[in-house]
Amino acid sequence: MTQSLLDSPYVVKAGKILNTKEMTNLEKYFAIELPGQEDLAHDPGQFVMVSLPGVGEAPISVSSSPTKKGSFELVVRRAGSVTGAMHKLGAGDTVGIRGPFGRGFPTKMLEGFDLLFIGGGCGNIPLHSLITFVLDNRSRFGKINILLGCKTPETRLFVDELTQWEQRSDIFVDSTVDQAGPGWKGKVGLITSLIPGVKIDPKRTYAVIVGPPIMYKFVIQELLKREIPDSQIVVSLERHMKCGVGKCGHCQIAQYYCCQDGPVFTYNEIRNNYEAL
Amino acid sequence: MGKVRVAFFDFACCEGCQLQVANMGESLLDVLGAIDVVEFREVMSEKSNDYDVAVIEGSITTPHAVERIKEIRKTAKILIAYGSCATIGGVNGMKNNFDLSDIRNYVYQDKARFFETIPTRAVHQVVPVDYFVHGCPVYLPEFVKVLKCALAGIPYRVPDSAVCTECKLNENECMYDKGITCLGPVTRAGCNSWCVNNGNICYGCRGMVTNPAENGAKDILEKYQIPLEWVENKMNMYNKAREQDTERNPDGKKC
Amino acid sequence: MTKSVILKKTELNHFIEALARSAAVVAPIAKGVKSFAFEEVRDGKTLSLKYIPTILPPKKYFMPQREKIQEFDRKAFRWTPVKENGFEKLVIFGVHTCDLSGIQFLNQVMGEDPKDVNYLARMEKITVIGLECNDYCDSYASCAVMKTHLPSGGYDLFFTELAGSFFVDVATPKGEAIVKGTGLFKDAGEVEKKEFENLRAKKEKIFRQEVKPANENLKGIFARSFRSEVWDDLDRRCVACGNCTNVCPTCYCFDIRDEMDLNLTTGARTRVWDSCQNEEFAKVAGGENFRGKRGARQRHRYMRKFNYPVDRFQRYSCTGCGRCSRTCMAKINLKETIDTLAEALS
């Protein structure tokens, strides 16, 4: 039963960069096309392993919705050697792509429910995939509340879209920054400060939270106060994926392999997991 | 695009690390295929002030050396600290065990007044360093690896695990099991446990891991009945200049 | 299809020589004062029949420390998956039952979807010849509680040393082919069968549960010990050298690294062993370290032996070989850890 090497989960596809855009000092946007415009066929919340030969691989969340065909989008924060090298690339360059990997957001489960999206910092990137998916399929979902936060006005992501969303009457959008200089007209404060301002019916609401580790603790506390059930609180956890296929061990969160069992979990799955939050 | 211009400079050192490069044998040809060596005192007489990469051997021990390394830093796009003297101060650091004027008089006797001196410092304690190649001497496969990273413009991470890790993978019998004290448990890996593979102990020439487990290390010493001073003395042979660190930065990031 | 045959001890040398004619043969040999390692042999003269578990387990042949999985070309932007065996055929002779269990575990993990093609390709080229421990290797072993002191598959041939001969269990067609091909074996007689049975009976008396809790209670003990003080103690003692995982027959965590050739165009992507005990193992690019404390990393190592694999693979992944305790300079001892955890819960 010899397996072909081409069956190896480590086989890389060449992804062509169609265009790029500097989003912030740290984050850069990439639109990427697979050979033959093959669909990535991902679920919102899934990630890909991006390869730069000679530099290595890094796990990157897909930021576009699967409703977008022919290409997909990544927003990459410059943090390590791969992402650093990636920031030097532009349209026409190629990166290696493996994936998509992992369990994305439970879109089927969310259907028919009211949704409360809470995004912080680069958590807004995977969340963007889900929000755009939901907005593209607006009729399948109930009321939509979107709360977004980040450190400073300069670190805000998807600003143009945010402005468009704010003008829609079928969704509620609110955003804040932790700190801002004098010119800033928007809200200043932690993301938790926005939660009291949303009206929700906890029984029929799914809350989807993506943000830095510290954010989860406080946001979840607030949501529990609002009586959203554990099983209706959805989070996406960041870990150090290396293989993407549940073998290398780097991304393990106690018994879970974040790259396969996650990165999306419901709060009741990880509430008692001493390594999760 | 021309080849990258590389210059080798030496400060307080034995130049043994540069000798390693000169002794590389055939793979030196591969290296020379990738770079243009414009200054290398040990193998050529030409000098140059025009270079992209400066490879620095030796530690900084005089005010003159401080000025010189600052000048080199201004010219070099990439600066590589090369060998223990440059990366951690190395054996030159032993000077810091003594009162500076005492040691100066001891060494230079009645000529001491002609020789200004400062406590031994590693290169990164004076100017920012882009890449570190630890070791006394450097481990050539690691140097080649770092050189490739430098040429490709990507960072090189010095392993931050103990030499034991590599030693175990080489299936060496543990020195402690033979009743011999070895600095492998607290020394940064990356040398493929070169010394132990050849029957020697680890002398700690690559510097300490960032977060050595002090309690654990003490336990080990107690269990093998090794006095702490022995290990401290052994460690200080290469690592005394560590005390000159303000913000340690072992991973090759600019400090 | 098991069948028992006999190899005279005096024929062992011929046997290894015969194997070495058609395959690379590795076997335990003495290394230094009290260490052993699997290394290549050409005859039976240098190998050690009585040995304590080798520094590294035979996993090094199934999953080498450095394994090229791809070659790349940066200019052409091409990756080519590669297989790097290092051997055409390999016979590992003298594998103890603990290590057989380790190999079985790795086979199960790497055979799970998505299958690890490189591992499986190598596995097919390896023949495993087991060797029974008639007595304990040393006091670090805990094979009785892990139930690995007796063979339960995972081999092609299994040797049990008797007074004048080896009693050999032939388990697979590969094993059968060796028996036939070398022509050195004969059928086991009544005398040898009796001698073999006596040996096994004697072993039942020698090998006794080495820790206080019984095998079936281990999972529960670990599952209830996440917040035990034992981990604080290990946090203080561990030096995070990673030896315990490197020498473990069932640790398979790895890193994937790229290295360019000097032409800066071509190069290879390599899988290398990694250790969850290393400081940076669970650190993300942003700097957050999810197992920043040594105690948390030790707990993780133990949980991966006694807790998580039971849910995922329906077995423990500790083989009781004792290597982690034997190699630990800080004297962190698996048997002690188990007993302390059990005691804290009782």
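Convention: sequence-line order gives letters A, B, ...; per-chain numbering from 1.
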Enclosure of [X] [atom1] (heavy-atom neighbours >12, cutoff 6.0 Å):
{"X": "N25(A)", "atom1": "CG", "answer": "no"}
{"X": "K219(C)", "atom1": "NZ", "answer": "yes"}
{"X": "Q179(A)", "atom1": "CD", "answer": "no"}
{"X": "E112(C)", "atom1": "CD", "answer": "yes"}
{"X": "K151(A)", "atom1": "NZ", "answer": "no"}
{"X": "F313(C)", "atom1": "CZ", "answer": "yes"}

Side chains of [X] and [Y]: does their closest heavy-atom pair fall under 4.5 Å?
{"X": "D93(A)", "Y": "F77(C)", "answer": "no"}
{"X": "R98(A)", "Y": "W79(C)", "answer": "no"}
{"X": "N307(C)", "Y": "Q255(A)", "answer": "no"}
{"X": "Y10(A)", "Y": "R269(C)", "answer": "no"}

Among [options], which residue has the highest count of heavy-atom pairs closer than 4.5 Å to chain A?
{"options": "Q70(C), M260(C), M303(C), E259(C)", "result": "Q70(C)"}
{"options": "D258(C), V82(C), L264(C)", "result": "D258(C)"}
{"options": "G287(C), G267(C), A285(C), A282(C)", "result": "A285(C)"}
{"options": "R312(C), R257(C), R271(C)", "result": "R312(C)"}

Does any heavy atom of chain A fall under 4.5 Å from the side chain of [X], the backbone, both, or neither of them?
{"X": "D274(C)", "result": "side chain"}
{"X": "R78(C)", "result": "neither"}
{"X": "F72(C)", "result": "side chain"}

Which atom of [X] lies closest to which atom of [Y], heavy atoms considered:
{"X": "P81(C)", "Y": "V11(A)", "result": "CG-CG2, 4.2 Å"}
{"X": "N118(C)", "Y": "S8(A)", "result": "OD1-OG, 4.4 Å"}
{"X": "V117(C)", "Y": "D7(A)", "result": "CG2-C, 3.9 Å"}

As an exercise: rank [options] by heavy-atom pairs under 4.5 Å with chain C and give me the winner.
{"options": "P213(A), G246(A), C251(A)", "value": "P213(A)"}
{"options": "C248(A), S81(A), A276(A)", "value": "C248(A)"}
{"options": "A79(A), P59(A), P212(A)", "value": "A79(A)"}
{"options": "V82(A), I253(A), V55(A)", "value": "V55(A)"}
{"options": "E57(A), H240(A), Q252(A)", "value": "Q252(A)"}

Please confirm whether the backbone N or O of [Y] pairs with a side-chain atom of [X], one donor and one acceptor, at under 3.5 Å?
{"X": "K247(A)", "Y": "P114(C)", "value": "yes"}
{"X": "H250(A)", "Y": "F254(C)", "value": "yes"}
{"X": "E238(A)", "Y": "V284(C)", "value": "no"}

Give, as side chain, backbone, both or neither, the part of [X] having an atom under 4.5 angstrom from any heavy atom of chain C.
{"X": "V95(A)", "result": "backbone"}
{"X": "T83(A)", "result": "neither"}
{"X": "A254(A)", "result": "both"}

Over-ring placement of R227(C) relative to Y274(A), 6.0 Å and 45° cut-offs: no

